[in-house]
Protein chains: 2
Amino acid sequence: MVTLHSFPDQQAILNLAKRYPQLDIASVETCLAFLNTTADVYQALDVHFARYELSMGKFTILMQLLQADEQGLTPSECAEKCGVTRATITGLLDGLERKELVTRKPYPSDRRMLSIHLTDKGQQLLCQMLPDHFCRTTNLMANLTDTEKKTLIELLSKVKAGTPAILKP
Amino acid sequence: MVTLHSFPDQQAILNLAKRYPQLDIASVETCLAFLNTTADVYQALDVHFARYELSMGKFTILMQLLQADEQGLTPSECAEKCGVTRATITGLLDGLERKELVTRKPYPSDRRMLSIHLTDKGQQLLCQMLPDHFCRTTNLMANLTDTEKKTLIELLSKVKAGTPAILKP
DNA sequence: ACTTTTTAATAAGCTAGCTAATTAAATTTA
DNA sequence: TAAATTTAATTAGCTAGCTTATTAAAAAGT
């Protein structure tokens, strides 16, 4: 999980800007605000999921399985839907299986694959926690009006559109 | 690092909203937009820091040391400024020391403490990478006008203000 | 002056992410 | 039909975060 904060004060940014003309103060401040908010939100979410002895990764898999049909999902499908590698999914499923929240079943037509299903216990846990979960998610965003939520989504998509600039060689 | 994505489609959110009246669609969509943007930005930043054989945590420590005075920083001060535990700082300093970017020196007046300093090599690495780093940070935010950057900072601080709602028992 | 408590850094053990390699199974190629 | 290639899941090894415990050193209390 990410709890890293960065707290440079205004003076530190100004000092750096003197030495590095490439530093755009407004951009750096926006970036730092984003990273600091991320650290806080993730830390709070970790506490939240820990109440139910879950992590965000485990919870995400459970949610994907809740919405899957009777065939379940393969580990590869879980990896794709959750945006992590298959190796990571293996570890997460190990934990979920140990807690008896999911089962790994053979895939009928391909012995390389598995079919992952929610157990009754897993379904019950989600039923129990989702009201609380959605309440908290709603309250996380309660300080924003509906217009502000839309604005935030638009601005975040502009930030996201800038990520290739970091990846470029 | 966090690369977890969550990609529920519109229909999935609507289905859940039918079963869980606590689910506020606008809040969940805003939250998911935030988490997805976070995943992308962190993934891109990981690639960026990896070019210099660093991680965000290591880079943050180096930046704190760059701005420190001649006394350096203690590991405790690093932990506080970076927002992680002292145990985590120990591991990060191990890596930075192995790369000869920092040195651990005895603290003059208290043998429990250490004084951490940038090496010449560490300073040279920062001088070399910071122009590129600030260019990329500027480009990450280039799709936003200055007004939008200020708006984003304000909206993020409202999100951050909502984190106690997740922490509350 | 000695004992107790607190503090700093680290070690141990864990989770969750990654990459690369491995094994078994399916598909493709010749 | 057999060999070669590709795929799915896992394993191994790593990093970076955490908590808890440990050890050495300083501070506080008696």
Side-chain angles (χ1 to χ4, degrees), chain A residues 1-6 35 38-40 42-47 49-50 52-61 72-80 82-99 102-116, chain B residues 1-6 35 38-40 42-47 49-50 52-61 72-80 82-99 102-116:
Chain A
M1 59 294 302
V2 51
T3 53
L4 193 70
H5 292 68
S6 235
L35 295 178
T38 296
D40 270 21
Y42 268 77
Q43 193 164 31
L45 286 172
D46 284 340
V47 170
F49 288 124
Y52 299 95
E53 296 182 15
L54 290 175
S55 60
M56 182 177 298
K58 289 188 171 84
F59 173 76
T60 305
I61 295 180
L73 295 171
T74 69
S76 278
E77 286 168 338
C78 292
E80 191 177 337
C82 296
V84 295
T85 65
R86 284 174 289 175
T88 296
I89 290 296
T90 297
L92 293 169
L93 289 178
D94 283 347
L96 289 169
E97 200 176 37
R98 200 183 306 133
K99 294 174 189 297
V102 304
T103 56
R104 279 166 159 126
K105 292 175 176 174
Y107 196 88
S109 54
D110 191 326
R111 284 157 65 190
R112 292 173 297 177
M113 295 176 159
L114 298 171
S115 183
I116 313 298
Chain B
M1 63 291 304
V2 51
T3 52
L4 193 71
H5 293 68
S6 234
L35 295 179
T38 296
D40 270 20
Y42 268 77
Q43 193 165 30
L45 286 171
D46 283 340
V47 169
F49 288 123
Y52 299 93
E53 296 184 14
L54 290 174
S55 61
M56 184 178 296
K58 289 186 169 88
F59 173 76
T60 305
I61 295 181
L73 295 172
T74 69
S76 277
E77 288 168 338
C78 291
E80 190 178 337
C82 295
V84 294
T85 65
R86 283 173 289 174
T88 297
I89 290 295
T90 296
L92 292 168
L93 289 178
D94 283 348
L96 289 169
E97 200 176 38
R98 202 182 306 131
K99 294 175 190 296
V102 303
T103 56
R104 281 167 157 123
K105 293 177 175 173
Y107 197 86
S109 55
D110 191 324
R111 284 157 67 191
R112 292 174 296 177
M113 293 177 160
L114 298 171
S115 183
I116 312 298

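Throughout, protein chains are lettered first and strands after them, A, B, ... in sequence-line order, and every chain is numbered starting at 1. Every heavy atom of this structure was used, including side-chain atoms; hydrogens, water molecules and symmetry mates were not.
- As rounded to whole Å, 13 Å separates atom P of dT10(D) from atom CG of Leu96(A).
- Candidate nucleotides dA8(D), dG17(C), dG17(D) were compared by shortest atom distance to the side chain of Val84(A), and dG17(C) ranks first.
- The distance between atom CE of Met56(A) and atom C1' of dG17(D), rounded to the nearest whole Å, is 14 Å.
- The separation between Phe49(B) atom CZ and dT15(D) atom P is 18 Å, rounded to whole Å.
- Among the candidates Lys99(B), Lys58(B), Arg104(B), the single residue satisfying the salt bridge (Lys or Arg N to Asp or Glu O under 4.0 Å) test with Asp94(B) is Arg104(B).
- An OP1 or OP2 oxygen of dT10(C) is reached within less than 4.0 angstrom by a side-chain nitrogen or oxygen of Arg104(B).
- Side-chain N/O atoms of Thr85(B) include none lying less than 4.0 angstrom from OP1 or OP2 on dG17(D).
- We find that CG of Leu93(A) is positioned 15 Å from P of dA8(D), with the value rounded to whole Å.
- Separating the OH atom of Tyr42(B) from the C1' atom of dG17(C) is a distance of 14 Å, rounded to the nearest angstrom.
- Going from atom CZ of Arg112(A) over to atom C1' of dT27(C) covers 7 Å, rounded to whole Å.
- A sub-4.0 Å separation between OP1 or OP2 of dC18(D) and a side-chain N or O of Thr88(B) is present.
- Rounded to a whole Å, the CD1 atom of Ile89(B) is 16 Å from the C1' atom of dT19(D).
- Nucleotides of DNA chain D nearest to Met113(A) and Asp94(A) differ in position, and the one nearer the 5' end is that of Met113(A).
- Using a 4.0 Å heavy-atom criterion, one finds that Arg86(A) contacts the bases of the nucleic acid, with or without backbone contacts as well.
- The minimum heavy-atom distance linking Arg86(A) with Ser76(A) is given by the pair CD-OG, 3.2 Å.
- Side-chain proximity of Ala87(B) to dA12(D), dA16(D), dT10(C): nearest is dT10(C).
- In terms of position on DNA chain C, the residue among Thr90(B) and Ser109(A) whose nearest nucleotide sits closer to the 5' end is Thr90(B).
- When the options Cys82(B), Ser55(B), Pro75(B) are evaluated for a side-chain contact (heavy atoms from CB on, under 4.5 Å) with Ile61(B), the one that passes is Cys82(B).
- Residue Ser76(B) places its side chain closer to dA8(C) than to any other of dA26(C), dA8(C), dA26(D).
- Among dT10(D), dT15(D), dA9(C), the nucleotide with an atom closest to any side-chain atom of Leu114(A) is dT10(D).
- With rounding to whole Å, Arg111(B) atom CZ is found 17 Å from dT10(C) atom C1'.
- One finds no side-chain N or O of Lys58(B) lying less than 4.0 angstrom from the OP1 or OP2 phosphate oxygen of dT15(D).
- From Met113(B), atom CE reaches atom OG1 of Thr74(B) across 5.5 Å, with rounding to the nearest 0.5 Å.
- Summarising the local packing, CD of Glu53(B) is surrounded by 12 or fewer heavy atoms from other residues, nucleotides or ligands at distances under 6.0 Å.
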